[in-house]
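Remember, it's 1-based here, ligands and their atoms both numbered in the order they're listed.
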Amino acid sequence: MAGGWAGLSRAPAGPSVGAVTTTELGDRRARRTARPLHLLVCRPEHFTVSYEINPWMDRAQPVDAALALAQWETLVATLRRLGHTVDVVPATPGLPDMVYAANGALITPGGTVGVRFAHPERAGEAEAFATWLEANGYGPVHRPVETNEGEGDLLPVGGHLLAGHGFRTTRAAHDELSRVLGRPVTSLRLVDPRFYHLDTALTVLDDDPAHPDVAYFPGAFDAASRAVLAELFPDALTTDEGTAAVLGMNAVSDGHRVVLSPRAVRYAEQLRGRGYEPVPVDLSELLKGGGGPKCCVLVVRA
Ligand code: ARG
């Protein structure tokens, strides 16, 4: 595929961030800059918990459909108020999890990769997203052969493409992705079923290639992956079990403002200390499906 990342395929790996001095970190804290995001979302018109495919989902727990919609509208209004562009992909009846638009694709300057879900309950979403993306100028969409749940497991950050596997997206999908996009992929193994997608365990705080920044819950990863993360991001923010257990890591950052769960109180404090501005948005109903703010958005990277 032509475009932005093609040249990177010749590089052995993305740049290592390297350790920075305390003064440099202090400077960065004082100068966090927001970048406008282009996001795709899907209204939870058909949202419900009618099956259980992750430990957060419990059919016995009632979902307040009107509240789910209202909370989602607040999320969208908040993102727009922060200056971001938010476009809406129409929801398909019978696909209750389609609200988690992050799982709809991976859209990069080097091409758009569609998805293939691990669970048959979500299979129909793949073509719904791919068809819409192609009709709206984000195509062509590569239909993957291997199981790949889009941005839920695939997070570009500062020239790296971090890719989770272990529960949904497979290791084989990482190879497919690397071939299709012509760039290296950094595989990370998830080991805790509560954190079944990479975006439930790691937040991309700053995607700036000059000083990429992430936060993650180490307990969600195996030892080898923790070592990879420590090497790539020696100054990363690491979070505690309490933060991860309220799905706190599932947050949307523009490099300055971080939209996150109001339950992630300790995380908000940590972010403030690092120069970010936490923006809490309550998605209690969508949490019953195992998702938070980041699950609800698919980033368009032009
Ligand atoms: N119920 C959905 C599932 O289990 C939630 C998906 C959340 N999405 C995400 N990007 N983490 O597939």
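- The part of R168 lying near ligand 1 is the side chain, judged by heavy-atom distances below 4.0 Å.
- Ion pairing of R179 with E176 is absent here, as no side-chain N (NZ or NE/NH1/NH2) approaches a carboxylate O to less than 4.0 Å.
- Heavy-atom proximity to M57, at under 4.0 Å, picks out these atoms of ligand 1: 1 (N).
- Nearest heavy atoms, L190 versus L198: CD1-N, 3.5 Å.
- Checked against a 3.5 angstrom limit, the closest N/O atoms of Y100 and ligand 1 fall outside it.
- At least one N/O-N/O distance between D199 and ligand 1 falls below 3.5 Å.
- Note: D199 CG to D153 CG = 7.5 Å, rounded to the nearest 0.5 Å.
- Here atom 2 (C) of ligand 1 lies nearest to D97 when heavy atoms of D97, V297, V99 are compared.
- Counting heavy atoms closer than 4.0 Å to ligand 1, residue Y196 contributes side-chain atoms (C-beta onward) but none from N, CA, C or O.
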Audit row: Q270, T239, side chain to side chain donor-acceptor pair (under 3.5 Å) steps and yes/no: CA-CA 8 Å; Q270 287 180 297; T239 58; 5.6 Å; no
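- N54 ND2, 2.7 Å is the protein heavy atom nearest to atom 4 (O) of ligand 1.
- Partner R35 forms a salt bridge (charged side-chain N to carboxylate O under 4.0 Å, His left out) with one of D206, D254, D208 and no other, that one being D206.
- The minimum heavy-atom distance linking D282 with R263 is given by the pair OD1-NH1, 2.9 Å.
- Between E149 and ligand 1, no N or O atom pair is found at a separation short of 3.5 Å.
- Going from atom OH of Y216 over to atom CG of L229 covers 5.0 Å, rounded to the nearest 0.5 Å.
- For atom 8 (N) of ligand 1, the closest heavy atom belonging to the protein is N103 OD1, 2.9 Å.
- Remark: minimum distance from atom 9 (C) of ligand 1 to any protein heavy atom is reached at C295 SG, 2.8 Å.
- Checked for salt-bridge contact, E127 and R143 meet the test: a charged N lies under 4.0 Å from a carboxylate O.
- Here's the thing with R122: one of its N/O atoms is less than 3.5 angstrom from an N/O atom of ligand 1.
- Under a 4.0 Å N-O distance rule, the pair R272/E269 does not qualify as a salt bridge.
- Shown in contact with G152 at under 4.0 Å from a heavy atom are these atoms of ligand 1, numbered in order with element: 10 (N).
- Heavy-atom contacts of G289 reach the following atoms of ligand 1: 1 (N), 2 (C), 5 (C) (cutoff under 4.0 Å).
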